[in-house]
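Everything below concerns the one structure shown next.
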Number of protein chains: 2
Amino acid sequence: MNILEKIADELDTFSKSERKVAEVILSSPGTVIHASIAALAKQANISEPTVNRFCRRLDTKGYPDFKLHLAQSLANGTPYVNRHVDENDTADEYTDKIFESTMANLELARKSLDANVINRSVDVLTQANKISFFGLGASAVVAHDALNKFFRFNVPVVYFDDILMQRMSAINSRQGDVVVVISHTGRTKSLVEVASLAKENDAIVIGITTAGSPLAKECNIVLSVDVAEDTDLYMPMSSRIAQLALIDVLATGFTLRRGTKFRENLKKVKDSLRSSRFERKD
Amino acid sequence: MNILEKIADELDTFSKSERKVAEVILSSPGTVIHASIAALAKQANISEPTVNRFCRRLDTKGYPDFKLHLAQSLANGTPYVNRHVDENDTADEYTDKIFESTMANLELARKSLDANVINRSVDVLTQANKISFFGLGASAVVAHDALNKFFRFNVPVVYFDDILMQRMSAINSRQGDVVVVISHTGRTKSLVEVASLAKENDAIVIGITTAGSPLAKECNIVLSVDVAEDTDLYMPMSSRIAQLALIDVLATGFTLRRGTKFRENLKKVKDSLRSSRFERKD
DNA sequence: TAATTATGAAATAAATTTTCATTATTCTCG
DNA sequence: CGAGAATAATGAAAATTTATTTCATAATTA
């Protein structure tokens with residue numbers, strides 16, 4: 001925990017003199033980090049040893065160490081945090097808030113990912129005869145993106161955002177096929193059914209969803225991506241971006257696993273697009 | 001600027017001994033903040049006054065002050081930077097790198113966005129009779145996502161990722177229509193044509209693309225999103241995520257502009273999905 | 001009122017900075 | 001090119017500043 005919060009938190013447990021220092025620190029931490037122990041003691045009208053004891057009480061090694069902690073708390077001024085858009089925000093404000101929330105959620109998502117599961121997913125994907133990506137609504141976008149990426153790998157890959165097509169495709173799957181089912185909540189009935197059908201037909205089912213959800217239960221491998229609830233404006237926002245980053249991770253793992261030759265191929269795919277583009281003049 | 005970056009930046013301008021300290025600091029800044037000036041001097045095989053002079057050179061008041069700055073630099077974690085995936089990275093490593101690069105690029109994109117342009121775009125979008133989103137390849141995913149969002153607003157909205165459909169749609173556009181054309185490079189010939197056609201037919205064309213690109217020249221409004229080049233593995237990665245965040249911003253701006261009543265409507269749309277979902281037990 | 005805890009003055013210790021002499025480097029001019 | 005003056009860089013030691021410990025006293029609690 002941030003040392004400033006800690007001070008605020010333990011304010012009641014301090015002795016009279018300690019509280020005096022605490023208050024001085026809380027009221028202008030920015031000044032304190034440049035003050036000597038003598039200056040701070042004077043400002044708080046207490047003695048230097050008391051300041052020193054105060055520092056130790058907060059699990060620091062002494063005054064200089066305490067200042068270090070304090071400086072770090074202050075530096076963390078604006079870590080990326082989920083900040084909610086407000087009715088009266090200007091364009092500048094809501095733009096910042098959305099970007100920050102997105103970053104905060106990516107950070108969260110990153111922490112929640114398990115490298116072992118990613119490794120296993122990559123294993124499975126590299127060995128697949130055919131890869132299918134299924135999603136609905138916002139998750140359809142993620143599936144669509146996955147198609148775009150994996151399509152370049154010259155692997156049979158399909159993507160459906162239509163319930164019926166998904167069902168039919170799932171029913172027709174067979175051993176060696178991999179089905180990636182994407183749903184943030186993991187509670188969309190038809191998708192859960194699709195996952196279950198694919199599994200019954202011997203496909204390996206990878207779920208990009210919340211751990212413990214009904215969908216997760218139907219999957220062989222669950223890639224769970226934690227993000228804060230998408231409360232803003234009732235639209236999925238951060239969750240899909242975290243999922244997209246995960247797709248990038250899987251695609252990257254795939255190419256790394258396939259080796260150098262394979263990556264030269266990728267370059268060819270990219271170059272093949274050149275003629276459809278205006279040349280760069282620089 | 002972060003003092004660590006500053007040290008790295010000015011490395012050439014240092015004297016021999018100063019460079020020694022600099023290197024020790026850069027290689028393990030976390031240790032240094034807990035070291036005394038004597039310890040650091042010894043570690044770098046130089047004298048204490050040299051360390052002191054080094055600190056002053058970096059515009060700090062002395063060694064303790066320098067440590068404070070250093071601590072603050074460290075507090076911000078490792079600021080998100082573009083780190084490229086390496087051949088031999090483990091799953092853990094490439095996952096981290098991809099997430100970090102993504103966040104770094106979001107930060108970049110955020111800085112490059114102009115609130116005025118966003119405001120104008122939102123103005124135009126809220127007044128549109130019909131909104132079209134066009135993109136190809138990776139940008140089709142972004143257009144797809146935009147459809148998903150704007151569809152909820154109960155506005156006529158379409159999305160095409162097919163060149164011919166895009167052309168036809170563009171030709172049929174009329175005054176009051178808004179066409180949003182998405183392309184990171186802004187050099188895809190057919191999309192530039194589509195933009196130009198739409199403009200000729202009196203639609204307002206908003207481009208989500210790089211400033212100064214051929215596409216940008218055909219647009220009435222250019223929302224330029226700067227990101228570092230997508231060099232990794234020859235696939236668009238960061239650019240599309242920045243674009244998606246921008247779509248979030250536009251959608252948010254849209255709902256804010258439309259007012260409270262409108263947002264209640266959104267909630268209804270969301271609630272209408274409930275029956276297709278498994279209930280949450282908690 | 002005794003026991004405990006909190007506090008500060010003074011002494012000590014530690015760390016940092018300054019001073020200054022020495023050494024290394026760069027520049028100038030023959 | 002090279003000697004030597006000028007300048008800059010460096011470190012040893014002293015001085016100073018800062019932090020910590022010790023211990024006696026005051027305040028609080030039991």
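These values consider heavy atoms only, across backbone and side chains, with no hydrogens, waters or symmetry-generated copies. Lettering follows sequence order; numbering is per chain, from 1.
Atom C1' of nucleotide D:dT18 and atom NZ of B:K61 are separated by 13 Å, given to the nearest angstrom. C:dT16 atom C1' lies 18 Å from atom NZ of B:K42, rounded to whole Å. Per the geometry, CG belonging to A:D65 stands 13 Å off P belonging to C:dA15, to the nearest Å. Put simply, CG on B:L40 is 12 Å from P on D:dG11, counting in whole angstrom units. Atom pair A:K67:NZ and C:dA15:P shows a separation of 15 Å (rounding to whole Å applied). Atom CZ of B:R56 and atom C1' of C:dT16 are 9 Å apart (whole Å). Spacing between atom CD1 of B:I37 and atom P of D:dA19 amounts to 14 Å, rounded to whole angstrom units. We find that CG of B:N52 is positioned 12 Å from P of C:dT19, with the value rounded to whole Å.
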Can you list the steps and then say if B:N119 with B:R257 is a side-chain hydrogen bond (donor to acceptor under 3.5 Å, both in side chains)? CA-CA 10 Å; B:N119 242 328; B:R257 196 66 62 84; 2.8 Å; yes
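Residue-to-nucleotide proximity on DNA chain C shows that, of B:G62 and A:R57, the 5′-proximal contact is made by A:R57. Position along DNA chain D of the nearest nucleotide to B:P49 versus A:A38 favours B:P49 as the more 5'-ward residue.
Checked by atom type, the side-chain pair A:N52/A:R56 shows a donor-acceptor distance below 3.5 Å.
Using a cutoff of 4.0 Å between basic side-chain nitrogens and carboxylate oxygens, B:K67 and A:D65 are not scored as salt-bridged.
Between A:F54 and A:F66, the angle of the ring planes goes over 60°, which puts this pair in the perpendicular group of the 30/60° scheme.
Nearest to the side-chain atoms of A:S17 among the listed nucleotides D:dG11, C:dT16, C:dT7 stands C:dT7. Taking only side-chain atoms of A:S15, from C-beta outward, the nucleotide of C:dA6, D:dT10, C:dG8 with the closest atom is C:dA6. Side chain of A:R53, nearest nucleotide from D:dT10, C:dT7, C:dT16: C:dT7.
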